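As structure tokens, the structure follows; a few thoughts come after it.
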Amino acid sequence: MRHLMNPLDFSVEELDRLFELASDIEADPAAYAHACAGKKLATCFYEPSTRTRLSFEAAMLNLGGSVLGFSDAASSSASKGESVADTIRIISCYADICAMRHPKEGAPMVAASFSGIPVINAGDGGHQHPTQTLTDLMTIRSLKGRLNHLTVGLCGDLKFGRTVHSLINALSRYDDIRFIFISPEELRVPDYVIEMLKEKGIPFEEVIRLEESLPQLDLLYMTRVQRERFFNEEDYVRLKDFYILDKAKLSLSPADMLVLHPLPRVNEISVDVDDDPRAVYFKQAQYGVYVRMALILTLLGLSEKGKTAPSSRQQA
Ligand code: NCD
């Protein structure tokens with residue numbers, strides 16, 4: 001049985017197969033409409049979410065399966081003191097696969113070690129968010145046509161942003177990747193990530209100003225300042241509007257640069273950027289559904305025989 005805790009749990013070749021499957025689903029969703037008939041996905045969310053939980057649920061429903069779960073720790077037995085280990089043993093009796101988000105780093109990993117079903121880490125504290133990374137990679141691969149030879153700018157809260165940590169991990173396995181980390185001093189990438197890049201000899205720069213980096217970038221990954229992980233509100237208020245990407249700043253970027261954002265956005269991208277063809281963060285959310293469909297099929301061992309229904313286009 002396989003779980004997904006970290007994007008590195010899948011080899012580059014396995015990720016390629018997953019993205020191929022996701023593209024196939026995108027091209028012909030009707031062919032997968034019954035691939036998970038009779039299967040159940042449990043979404044156990046101990047922390048708020050819109051996209052991740054609903055995209056998992058949409059993914060399972062698109063595959064003809066069903067969903068159950070909770071979206072708030074207060075409405076689960078965690079509020080009575082139940083451990084994650086006990087909860088997952090119970091969920092294993094009710095569902096075939098589980099997506100779990102938890103404010104504590106490592107909680108989904110603990111769950112996986114007690115689970116009778118595959119567990120997907122849907123975000124653990126400030127640590128990792130592997131399915132957002134699959135979404136990001138799928139978006140880059142589809143819209144840029146490659147996952148190598150890229151100069152990637154990551155901007156905003158690089159300290160607490162788990163999507164940033166997972167994406168750096170994942171991209172560091174591809175050839176000729178260069179990172180530019182754009183953050184205020186207080187929100188720099190954690191040391192363990194910097195050490196990993198140094199060990200692997202991957203080039204990176206750390207800068208404070210966004211404007212100077214923009215002309216060099218193939219991708220700009222914007223993130224919000226993670227208010228819920230701050231120790232005091234004052235620091236949050238001081239840093240929250242440090243970066244605002246607007247039309248004027250975007251005009252400094254190459255015409256084929258992509259702007260990604262895991263969302264939710266707060267102020268860091270002005271709405272006047274939304275209509276620019278470089279702004280792909282809403283498309284990115286759509287790719288998240290296809291890639292989660294592919295992931296569910298893969299972890300349930302259904303990826304080979306996933307195509308159960310004749311395609312609508314073939315029928316037509
Ligand atoms: C991200 C998360 O939860 O880490 N959201 C998401 O899943 N798309 C990013 C964030 O909350 O800033």
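Since the model is a prediction, treat every value here as computed from it, not as a measurement. One-based numbering, in listed order, for ligands and for the atoms of each.
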Legend entry - With sequence neighbours excluded, residues passing ring-ring contact (aromatic ring centres under 6.0 Å, His included) with F10: none
Inset, instruction - Identify, with sequence neighbours excluded, every residue that meets ring-ring contact (aromatic ring centres under 6.0 Å, His included) alongside H129. - result: none
Legend entry - E105/R101 salt bridge by N-O under 4.0 Å criterion: no
Inset, instruction - With a 4.0 angstrom cut-off on heavy atoms, strictly below it, pick out the residues next to ligand 1 and order them by chain and number. - result: R51, T52, R101, H129, Q132, R162, T163, R224, Q226, P262, L263, P264
Inset, instruction - Apply ring-ring contact (aromatic ring centres under 6.0 Å, His included) to F160 and list each qualifying residue two or more places apart in sequence or on a separate chain. - result: F230
Legend entry - D124 and N121: side chain donor to acceptor below 3.5 Å: yes
Legend entry - Main-chain N/O of D235 paired with N232 side-chain donor or acceptor, under 3.5 Å: yes
